[in-house]
Amino acid sequence: MTAARLLLTFVGLAWLALILLLPLLAIFAQALAKGWGAYIAAVTSSEALDAIRLTLLSALIAVPANLVFGLAAAWAITKFEFRGRTLLLALIDLPFSVSPVIGGLVFVLLYGAHGWLGPWLAAHDVQIIFAKPGIVLATIFVTLPFVVRELVPLMQVQTTAREEAAFSLGASGWQIFRHVTLPNVRWALLYGLILCTARAMGEFGAASVVAGSIRGRTVTLPLHVEIVFNEYDAVAAFACATLLTITALVTLVLKTVLDARERRTAHVELASGQLITAATPAGSRA
Amino acid sequence: MISKHRLVRAWSRTTPLVLATVLLAGPSAPAAAASEQKLLNASYDVSREFYKDLNASLIADWKAKNGTAIEIEQSHNGSSKQARAVIDGLEADVVTLNQVNDIGQLVKAGLVAPDWQKKFPYDASAYKSVTAFIVRKGNPKNIRDWQDLVRDDVKIALVNPKTGGNGRYTFLAAYGWALNEYGGDEAKAKEFVKKLYANVPVLDTGGRAATTTFAQRGIGDVLVTFEAEVYLVRQEFGADGYEVVVPSRTILADFPFAIIEPVVDKHGTRTLAEAYLRYIVSDEGQEIAAKNFYRPNSKAVAEKYAAQFAKVDLIDVQQLFGGWSKAQQTFFDDGGVFDQIYTLAK
């Protein structure tokens, strides 16, 4: 019994070490293989800085866009009944199930020179594919499900009782959303946003298709890592990879903190929620 | 009710975000774009080192002659992928590729003038290279020529001819050598390349991937690739670890360039684009090519660097296979000779 348990633990840990820990160490070891000087030079080269700037820019656009869309979609899906509700939920999941490369190719098919909207865009001198807008679009596409997927399960559990109570006290739709719904989901929302940010910065497949890899203009940080690796500059590639790795690790820590926080507040609020429901007169609930 | 001070607080909370966006976008916004001419060169995968040197040299030259600053942007990918991207709307002013066929695709799409080869010296070719071998130090397997590659004890790293121009050159060089060796007997030549590809443990998709397989992962006894890449490997991974073997007969790889007509018209960059491509074939440009181990087209520069390049018998694609588009059809299209011998080899 104990021997079996020991063995299982050992296998589990060895597996984790092999798949997660060693690669993680290898990234940092490679990045620092030629010392701190080479590391600093690699992450502050003008091409690396351009890539970092573009990565941050696309995250700065994609994340707020997903915040607005995610909240609106989750609110509509969980607080209202309408035809096509499940279809909408399934559609939102599409970027999870489809390969990002396909996502990128579809954008080329739509907005490329010979795409459906290509001639119109060209006539109005709008460049989407092989330019920054294409990268932002691709990033929004792959990060679409994150906020919605975090919010929907929680908002489904929280009944509409409190919104109804607020409504019965004369609150407007916006006030209900701002003062009742939003505070209840704030931790899940933050959690979704953090995952969304991490994914936005790490996006490779779709970006690689729509970027056209113009140095200093349409190269994001993950694309830059690939380019310098192909130029035999392993140290620079891994140095830039550490930036992405650090982002991932920070995400992990924040996620853990938020998880604990969310569980605590959910617990407290569930108790108080029942109190409110109990105090609401039966007549106003219809 | 939402009170006033709350609104103010909300605004002050979003202000840093707005500021950050402005700051981030700021430095990359081309403020000087109106006066400064910019050119985008869409090139094949392994030309980065060459164009890094060439662009720096041209920018200095242009400044000295015209007194204005120019900017040259680079995009690198597989040659065919770049042609595809330009067709799909990548606004490159010029393309510098490694297959005449890829420029043919751009002609078909109406982006390159049909007489593009007549517009520049040397049939609009930047430089040449030949397919050669690289072996491990001391040449332990004693690989001297193509016939050594079909021995049972030899493993080869090379590029898949279906996905890379580099691989197509390799295939045609081997096939052409065998045709010559067996007095034009096609059945024997096919048998030869079949045996050769049976010795390839991994078919890589591109030139850089094959190099990594051989030099970094240590797979194979010989790497077959462009001579220029072979020299670069020696520089990157140490000159004493590898030796170059140029076979008795091989193929000449061409690196054609062209102007993308609608793009230079739109950007108003025709003069600069022409000057750029002419600079590649000027003696300065040809010297930079030679320093990057490409065989220069210019006779004068070729003579100066003659010691760097082994003399070799060349296969004439036009004469032997009836030109590139015919060779593509016969050998590499689905169901072509390569598909036949490769499925049989497996």
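Given the structure is predicted, the values throughout are model-derived calculations rather than measurements. Order of the sequence lines fixes the chain letters, A, B, ..., with proteins taken first and strands second; residue numbering starts at 1 for each chain.
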Value for CZ (A:R215) from NZ (B:K52), rounded to nearest 0.5 Å, stands at 5.5 Å

Contact part of A:I227 toward chain B, heavy-atom cut-off under 4.5 Å: side chain, backbone, both or neither? both

Side chain of A:S213, backbone of B:S75: donor and acceptor closer than 3.5 Å? no

Heavy-atom neighbours of A:F177 CZ exceed 12 at 6.0 Å: yes

Using a cut-off of under 4.5 Å on heavy-atom pairs, state which of B:E49, B:R208, B:K81 scores highest against chain A. B:R208

Over 12 non-hydrogen atoms of neighbours within 6.0 angstrom of NZ in A:K34: no

Do other residues, nucleotides or ligands put more than 12 heavy atoms under 6.0 Å from A:F28 CZ? yes

The single option from B:D88, B:V86, B:L40 passing side-chain contact (heavy atoms from CB on, under 4.5 Å) against A:F130: B:D88

Spatial distance of atom NE2 (B:H76) from atom CD1 (A:I214) [nearest 0.5 Å]: 11.5 Å

Can you confirm whether more than 12 heavy atoms, excluding those of B:K266, are under 6.0 Å from its NZ atom? yes

Rounded to the nearest 0.5 Å, how far does CG of B:L90 lie from CD1 of A:I129? 11.0 Å

Which bit of A:S208 comes within less than 4.5 Å of chain B, counting heavy atoms only: side chain, backbone, both or neither? both

Examine distances only and state if a side-chain atom of A:Q127 and a backbone atom of B:G89 form a donor-acceptor pair shorter than 3.5 Å. yes

